[in-house]
K.L.:
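My questions will all concern the structure given below.
Remember, it's a predicted structure, so these values are computed and weren't measured experimentally. We count ligands from 1, going down the list as the structure has it; atoms in each ligand are counted the same way.
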Amino acid sequence: MAVEDPAETRPAAGSYAELYARSVEDPEQFWLEAAHAVDWDITPQRALDESRAPLYRWFPDGRLNLCHNALDRHVAAGRGDQTALIYDSAVAGGGAGQGSSTQESFTYRRLRDEVARTAGMLSALGVKAGDRVILYLPMIPQAPIAMLACARLGAVHSVVFGGFAAAELASRIDDAAPDVVLTASGGIEPSRRVEYLPTVAEAVRLAEHHVSHVVVSHREGFAHSRAEAAAGSAAQWHDWEAALADAEPAAPVSVAATDPLYVLYTSGTTGRPKGVVRDQGGTAVALSWSLPAIFDVGPGDTILTASDVGWVVGHSYIVYAPLLAGATTVLYEGKPVGTPDAGAFWRLVQDHRITTLFTAPTALRAIRKADPQAERVGDYDLSSLRYLFAAGERLDPETQRWIGEALKVPVIDNWWQTETGWPIAANPAGVELLPIREGSATLPAAGYRVEVLDPFGEPLPAGQEGNLVIRLPMPPGTLTTLWGDDQRYIDSYLTAFPGCYTTGDSGYIDQDGYVFVMGRTDDVINVAGHRLSTGEIEAAVAAHPAVAECAVIGLADELKGQRPSGYVVLKAGAQIGEEQLREELTAQVRSTIGPVADFKDVAVVGALPKTRSGKILRKTMRQIADGEDYRVPSTIEDPRVIEELMPVLRRAAG
Ligand code: COA
Ligand code: AMP
C-alpha cells in the first residue's frame, strides 16, 4: 500500500462557497479527489454507483481496510510514537467527586498492536469479514479497540449504549444476529456502578438468536462475576484479558468500499429501532474530509469529543475521524458536571492541551446551571483551545452566547443525525470560518443539498419553516440502508418526498442559505442529547396491567432540552394510586428501555384527545403544554377531551 501522510490532504483554506459549489455540481470529481486522503488497496476509479437508485453506493470498485488507515498507516509513516488515544476517567478508581482522574496514553504503535491482538482474539472465536459483533461497553479503551479490531477483520460492529436495558440489547442481538458479544464488568455513573453482566446474561437469554460467545473485560469494583453470568447461559463466557494473552496479532483484511463497517441502532417513530448501516469506503472518505474541513483538526491536534461510543458522534469523532486524520483523541469517562464539578471539561483541556472540544448543548446547560458565572473556566489554562463544537440537539442562542463569552473561542453548532454520520450543516472552520448566526448550524456541508418543503413536497421560500430534506444522492459516509431491510429504508426515509431523504426535522433556511433546525416532525424526542422514541416508551407504559391506553410526549426541559411526559388512561376498575402507578411505570420504562429514557412524569387522565380515525393528537398536546400556538384539527373526535386535558398539560409543563 502506498503511504500518504494525511497532513498533505487537508483542504486548502479558501472560499467555502466555491468548494461547496464544486461538491454539488460535480460530486464525482469532488469525492474522487477527497478519496486521495485514504490509503486504498485498490484505488476507486468511480465515485458514485447509481445503478440501484434510490439506493446509492460510493466507490464501488475500491478496496481498503479502515483500521489500516486509522493505525498501521500512521506507524508506517513514522508517527508510531505520536499519541493516538488518551483515556481519561474521572470515575474509575473511585475518582467520582474527588477530583482525581485515571489517565492512560496509547501511541499509534501501541494502539495498533493492541487492536491487532484483539482482532486475533476475535478471529480465534471464528469472527471473519461480514460477521456481526455486538459491543456493550462503557467508555474504556476496550471500546475503541474492539471497534477497530472488528474493522481490521472486516467484521461489522454494532455498539449498544450502556444506558440501555436488557430488552433493548436483546432486540439488537436479534436484528444483527452476532455470534460474539463483547462486554465488560460494568460502567460507572457518578452515583452508582452499573452492572453489565446481569443485563448481558438477560439479553442473551431473551434473544431468539443464539449468541455463541460473550467476552468480558474485567473491571475492579463490580459485584457480578463472569462465572455467575455464565451459569445456565447457552453462550460460552470468556475472560477478555486471558483470551487476549493467547491471541496472535491479526493483519488487516482488504474489504470492498461498499461493505458494511458498522450497524448503529437508533430510535424511529415505531418501537422497533432502526439499524443504520454505514459502509467502509464512504465513511473513510467522508470522515477524512470532514475532520479537517469542518472541525479544523489534523495531525498534531487533540480533540475531545465528550459523547459516548454508543452514539454516532462517538463513532465518528471519538474513534474513526481523529485516527484517520492522524490526530490525538481523548476518550473521557465522566460527566460535564459532578465529576467532580463544572470544571471537568476545562481540566481535561488543560491536562491534554486539547485544541478542539465537541459536546452536546445539554452538557453546556448543565455546566451553566452549576457554574453560572463560569468561574471554573478561570481555574485552568485553556490557551490550547481553538473551538467548541456542539451537536446532538438545538443549541439555544443563550447557551451559545454564554459559553462563547466564557471561553472566548468560536462556538460552532452543527446539525446531523445517526443516519448521516457526519454534519449535514456546519460552519466549515477548517476552510473558512463563516460569520456565526445564533440558532443556526450555518451552511450545508459538502455534497448535502438541503431544501425546505411543505407537506405536499413544494419548496418553501427563504425564512419559512417546513420539512428539512436532503436531495438524493446524499454524499458518502451517510447511511446506505437499514440492516437487512432495504424496503424499510425506502419506506421510512425516501418515500414521503420523492427524490429526497426525509430528515424528520423541521426548520428553515434564511436568505443567505443559513440552516435553522427547530425540532422533529415525528415522534422522536431528544432527552439530554439522547434520541428516544415516544412510541417505544408508550409500548413500555402500555404493558402495565392497569393501563388501558397512554400517550407519551416530549415537553421542553430547561436542562435536557426535552423530557418524556406520560398521560395514562386506566382500565375500568383499576385500583392503583397515582403515586404508586408513577413509581411502577418509571421502573417499567427503566427496566425495558433503560435509565437513559429518564421517564418520571406520569398523569392519570380520563381520556386522550383523538381524531375520528383514532390517532392520538400528541402534537396538539405538546403545543398546549409548551405554551405554543396550536390548532385543534377539525377531525377531532370529541373537543371536550382537549378542554379537560388543558390544566393537566399546563401543570406538567410547570
Ligand atoms: N450507562 C448507564 N446508565 C446511564 C448511562 C450509561 N452510559 N448514561 C446515563 N445513564 C443513566 C444516568 O445514571 C441516569 O440514571 P438515574 O436516573 O439513576 O440518575 C439516567 O441514565 C439519565 O441520565 P442523563 O440523561 O445523563 O442525566 P443526568 O442527570 O445523569 O446527567 C447531563 C445530565 C446533562 C450531565 C448528562 O445528560 C450529559 O452529560 N448529557 C450529554 C449527553 C451527550 O453527550 N450526548 C451525546 C449526544 S451527541
Ligand atoms: P441522533 O441521531 O441521535 O444524532 O439525533 C439526531 C437528531 O438530533 C436530529 O434529527 C435533530 O432532531 C437533532 N439534532 C442534532 N443536531 C442538531 C442541531 N445542531 N440542531 C438542532 N437539532 C439537532
Side-chain angles (χ1 to χ4, degrees), residues 91 136-139 160-165 186-196 199 264-268 274 276 305-318 332-339 342 344-345 358-370 389-396 400 412-426 439-442 468 479 502-507 515-522 524-533 554 557 559-563 586 589-590 593-600:
V91 290
Y136 187 71
L137 285 162
M139 288 286 283
V160 179
F161 178 61
F164 283 126
I188 308 173
E189 286 293 290
S191 58
R192 69 200 149 92
R193 302 233 147 196
V194 183
E195 301 278 345
Y196 279 17
T199 303
L264 181 57
Y265 289 88
T266 189
S267 301
K274 294 167 168 169
V276 166
T305 301
S307 176
D308 188 288
V309 287
W311 307 118
V312 68
V313 173
H315 280 59
S316 295
Y317 296 106
I318 296 175
Y332 173 54
E333 186 182 32
K335 300 275 173 178
V337 292
T339 56
F345 285 174
F358 185 5
T359 190
T362 303
L364 301 173
R365 289 195 297 269
I367 294 170
R368 184 177 181 201
K369 193 170 167 214
F389 288 85
E393 55 180 314
R394 184 164 183 271
L395 175 59
D396 56 287
Q400 187 169 12
I412 300 184
D413 184 6
N414 53 113
W415 165 54
W416 47 301
Q417 327 180 291
T418 305
E419 289 85 342
T420 64
W422 61 286
I424 306 167
S440 171
T442 317
L468 284 164
L479 83 169
T502 306
T503 64
D505 283 325
S506 162
V515 180
F516 291 75
V517 183
M518 305 309 289
R520 295 284 306 187
T521 57
D522 56 15
V524 166
I525 59 171
N526 202 316
V527 182
H530 306 136
R531 175 166 157 184
L532 298 165
S533 150
D557 184 274
L559 175 65
K560 300 197 171 185
Q562 282 184 305
R563 68 172 196 280
T586 302
V589 172
R590 214 179 155 89
I593 298 178
V596 74
D598 210 17
F599 180 74
K600 294 187 183 109

K.L.:
Students should find this: residues with any non-hydrogen atom under 4.0 Å from ligand 1. What is the answer?
P.N.:
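Residues Phe161, Gly162, Gly163, Glu189, Arg192, Val194, Ala306, Ser307, Trp311, Val313, Lys335, Pro336, Ala360, Thr362, Ala366, Ala528, Gly529, His530, Lys560, Arg590, Pro595, Val596 each place a heavy atom under 4.0 Å from ligand 1, listed by chain and number.
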
K.L.:
Show me which atoms of ligand 2 lie under 4.0 Å from any heavy atom of Asn414.
P.N.:
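Going through ligand 2 atom by atom, the ones under 4.0 Å from Asn414 are 16 (N), 18 (C), 19 (N).
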
K.L.:
Atom 18 (C) of ligand 2: which protein heavy atom is closest, and how many Å away?
P.N.:
Glu393 O, 3.2 Å

K.L.:
At under 4.0 Å between heavy atoms, is it the side chain or the backbone of Asn526 that contacts ligand 2, or both, or neither?
P.N.:
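The side chain, only.
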
K.L.:
Looking at Trp311, Trp422, Phe389, Trp416, which one forms a ring pair (Phe, Tyr, Trp, His ring centres under 6.0 Å) with Tyr317?
P.N.:
Trp416

K.L.:
Backbone or side chain, does any N or O of Val517 fall under 3.5 Å from an N or O of ligand 2?
P.N.:
no

K.L.:
Please compare Ile412, Val312, Asp505 and report which has the shortest non-hydrogen distance to atom 12 (O) of ligand 2.
P.N.:
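Checking each option, the heavy atom nearest atom 12 (O) of ligand 2 is found in Asp505.
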
K.L.:
Does some non-hydrogen atom of Gly392 fall short of 4.0 Å from ligand 2?
P.N.:
yes

K.L.:
Using a distance-only test with no angle check, is there a side-chain donor-acceptor pair under 3.5 angstrom linking Tyr332 and Thr339?
P.N.:
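Yes - a donor-acceptor pair under 3.5 Å links their side chains.
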
K.L.:
Assess, by modelled atom type and distance only, whether the side chains of Thr503 and Gln417 contain a donor and an acceptor separated by less than 3.5 Å.
P.N.:
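Side chains of Thr503 and Gln417: no pair found under 3.5 Å.
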
K.L.:
Using a 3.5 Å distance criterion without hydrogens, assess whether the side chain of Thr418 forms a donor-acceptor pair with backbone atoms of Val312.
P.N.:
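Answer holds: no.
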
K.L.:
Within the structure, does Glu419 bring an N/O atom to less than 3.5 angstrom of an N/O atom in ligand 2?
P.N.:
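In fact, backbone or side chain, Glu419 has no N or O that close.
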
K.L.:
Got a salt bridge between Lys600 and Asp598, using NZ or NE/NH1/NH2 to carboxylate O under 4.0 Å?
P.N.:
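Here Lys600 pairs with Asp598 in a salt bridge, since their nearest N and O are under 4.0 Å apart.
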
K.L.:
With heavy atoms only and a cut-off of under 4.0 Å, state how Trp416 meets ligand 2: side chain, backbone, both or neither.
P.N.:
backbone

K.L.:
Short N/O distance, under 3.5 Å, between Arg520 and ligand 2?
P.N.:
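Checking ligand 2 against Arg520, an N or O pair does fall under 3.5 Å apart.
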
K.L.:
Please evaluate residues Lys335 and Glu189 with respect to the criterion side chain to side chain contact (heavy atoms under 4.5 Å, CB included), reporting the C-alpha separation (whole Å), side-chain torsions for both, the decisive distance (0.1 Å), and the verdict.
P.N.:
CA-CA 8 Å; Lys335 300 275 173 178; Glu189 286 293 290; 3.0 Å; yes

K.L.:
Ignoring hydrogens, what is the shortest heavy-atom contact between Phe516 and Leu468? Give both atom names and the distance.
P.N.:
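For Phe516 and Leu468, the tightest heavy-atom pair comes out as O-CD1, 4.3 Å.
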
